[in-house]
Amino acid sequence: MWAEVQRELEALREEKKQLQTEASISEAISQQQSEIAATEEKDLPPFQDTPKVLGVKQNELNEEDKMAILYRIFKRNNFNLTKKTKKATEFKSIKNGEVLYLLTNKEISIVLNPNTVENNLSLKGGEESHSTALTQFPKEIHNGKRPISYGYAFKFKTEGELDAFLKSLNDILI
């Protein structure tokens, strides 16, 4: 009987640990969403002024400031941030529901849905990109035995190039 009570106590302790873990995960997600919202609202000048943000040269900006600038460009072009992971940030168009991903690279890279690119001749030229982070895109077998999500990556040297591309993408996909 004492062993049974001990087992039940241990089960209750495990359940309590599980609930605490779930609560801390929920809190972390909440914190991340708050940080994303704060980053989006951060008072940074428009991308044309980014060579000197708050008196700092473009190449001296930290990653957080660079990402804040990119998020503002997406927001200005009617794309809302829907999901953020270590590998990519997912954006969804307010106008047409089109999903695209901003990859976490040193250069500015976005990935478009392969169906969108293949159905629009004006979007040809992207490089095929495979990643588990592209969760909203179709899958195909690439190098391994299992299918992996893929899309077409477009790379940009400046924030201005990205802004112009997103504007033209909105015009194409209306």
Side-chain angles (χ1 to χ4, degrees), residues 28-42 44-51 53 58-59 61-174:
I29 289 171
S30 245
Q31 177 67 26
Q32 183 183 24
Q33 288 172 340
S34 297
E35 288 171 5
I36 289 169
T39 300
E40 288 178 0
E41 298 303 317
K42 196 171 186 179
L44 290 172
F47 73 91
Q48 291 92 342
D49 299 335
T50 56
V53 175
Q58 178 71 16
N59 60 356
L61 286 175
N62 65 32
E63 283 303 310
E64 188 177 310
D65 288 340
K66 289 177 185 176
M67 291 306 285
I69 292 166
L70 294 176
Y71 291 168
R72 286 190 57 182
I73 292 170
F74 279 96
K75 188 93 171 150
R76 184 173 37 246
N77 285 288
N78 300 310
F79 285 90
N80 283 336
L81 188 148
T82 53
K83 182 179 174 184
K84 185 175 181 187
T85 66
K86 287 182 181 180
K87 293 182 179 181
T89 305
E90 181 182 284
F91 291 91
K92 188 172 189 176
S93 172
I94 296 169
K95 291 182 175 182
N96 56 29
E98 183 74 23
V99 172
L100 59 83
Y101 292 89
L102 172 65
L103 298 182
T104 307
N105 293 333
K106 288 187 179 186
E107 57 193 356
I108 303 169
S109 301
I110 64 170
V111 181
L112 300 179
N113 188 314
N115 298 328
T116 302
V117 174
E118 291 163 3
N119 292 328
N120 290 288
L121 293 175
S122 56
L123 292 174
K124 297 293 181 199
E127 184 178 310
E128 201 168 293
S129 177
H130 296 80
S131 174
T132 56
L134 311 175
T135 57
Q136 298 291 319
F137 290 175
K139 295 181 177 187
E140 70 175 8
I141 294 180
H142 181 54
N143 290 334
K145 295 180 180 179
R146 294 185 179 166
I148 186 167
S149 299
Y150 76 104
Y152 288 93
F154 294 85
K155 297 178 183 183
F156 308 96
K157 292 180 181 170
T158 67
E159 292 88 353
E161 288 178 1
L162 172 66
D163 189 53
F165 182 84
L166 292 176
K167 283 179 186 169
S168 66
L169 183 64
N170 277 326
D171 293 340
I172 292 168
L173 300 176
I174 289 180

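Keep in mind that what you see is a predicted model, and the values were worked out from it rather than measured. Note that the numbering runs from 1 along the sequence shown for the chain.
- Looking at heavy atoms from C-beta onward, Ser149 lies in side-chain contact with Lys139 at the 4.5 angstrom threshold.
- In this structure, the separation between NZ on Lys75 and CG on Asn80 is 4.5 Å, given to the nearest 0.5 Å.
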Check the pair His130 / Glu128 against side-chain hydrogen bond (donor to acceptor under 3.5 Å, both in side chains), numbers first and verdict last. CA-CA 7 Å; His130 296 80; Glu128 201 168 293; 3.2 Å; yes

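- Met67 has its side chain within reach of Tyr71: a pair of non-hydrogen atoms, C-beta onward, lies under 4.5 Å apart.
- Taking OH from Tyr152 and CG from Leu112, the interatomic distance works out to 11.0 Å, rounded to the nearest 0.5 Å.
- Asn78 contributes atom CG, which lies 5.0 Å from atom NZ of Lys95 (distance to the nearest 0.5 angstrom).
- Shown here is Lys124, whose NZ atom has more than 12 heavy atoms of other residues, nucleotides or ligands within 6.0 Å.
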Could you check Val117 against Phe154 for side-chain contact (heavy atoms from CB on, under 4.5 Å), going step by step and ending with a plain yes or no? CA-CA 11 Å; Val117 174; Phe154 294 85; 4.2 Å; yes

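- Remark: side-chain polar atoms of Asn120 are paired, donor with acceptor, to backbone N or O of Thr116 under 3.5 angstrom.
- The CD1 atom of Ile108 lies 12.0 Å from the CG atom of Leu103; values are rounded to the nearest 0.5 Å.
- With salt bridges taken as basic N to acidic carboxylate O contacts below 4.0 Å, one links Lys167 and Asp163.
- Shown are Leu102, Thr85, Thr82; of these, the side chain to side chain contact (heavy atoms under 4.5 Å, CB included) with Glu90 is made only by Thr82.
- For the pairing with Lys87, the side chain to side chain donor-acceptor pair (under 3.5 Å) check across Thr104, Thr132, Asn105 returns one residue only, Thr132.
- At a threshold of 4.5 Å between non-hydrogen side-chain atoms, the residues Ile73 and Phe79 do not count as touching.
- Distance check, rounded to the nearest 0.5 Å: CG of Leu70 to OG1 of Thr89 gives 9.0 Å.
- Here the closest heavy-atom approach between residue Ser129 and residue Leu134 is recorded as O-CD1, 3.8 Å.
- Side-chain contact between Phe137 and Val111: present, with at least one pair of heavy atoms (C-beta onward) separated by less than 4.5 Å.
- In this structure a side-chain-to-backbone donor-acceptor pair under 3.5 Å is present from Asn170 to Asn77.
- No more than 12 heavy atoms of other residues, nucleotides or ligands sit less than 6.0 Å from atom CD of Glu127.
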Under the side-chain contact (heavy atoms from CB on, under 4.5 Å) criterion, do Ile110 and Phe91 qualify, and how do the steps go? CA-CA 10 Å; Ile110 64 170; Phe91 291 91; over 6 Å; no

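- Taking both residues in full, the closest heavy atoms of Asn113 and Gln136 are given as ND2-O, 4.4 Å, listed atom of the first, atom of the second, then distance.
- A donor-acceptor contact shorter than 3.5 Å is absent between the side chain of Ser93 and the backbone of Glu98.
- Between the side chain of Tyr101 and the backbone N or O of Thr135 there is at least one donor-acceptor pair closer than 3.5 Å.
- The structure places CG of Leu123 at 6.0 Å from CG of Leu169, a figure rounded to the nearest 0.5 Å.
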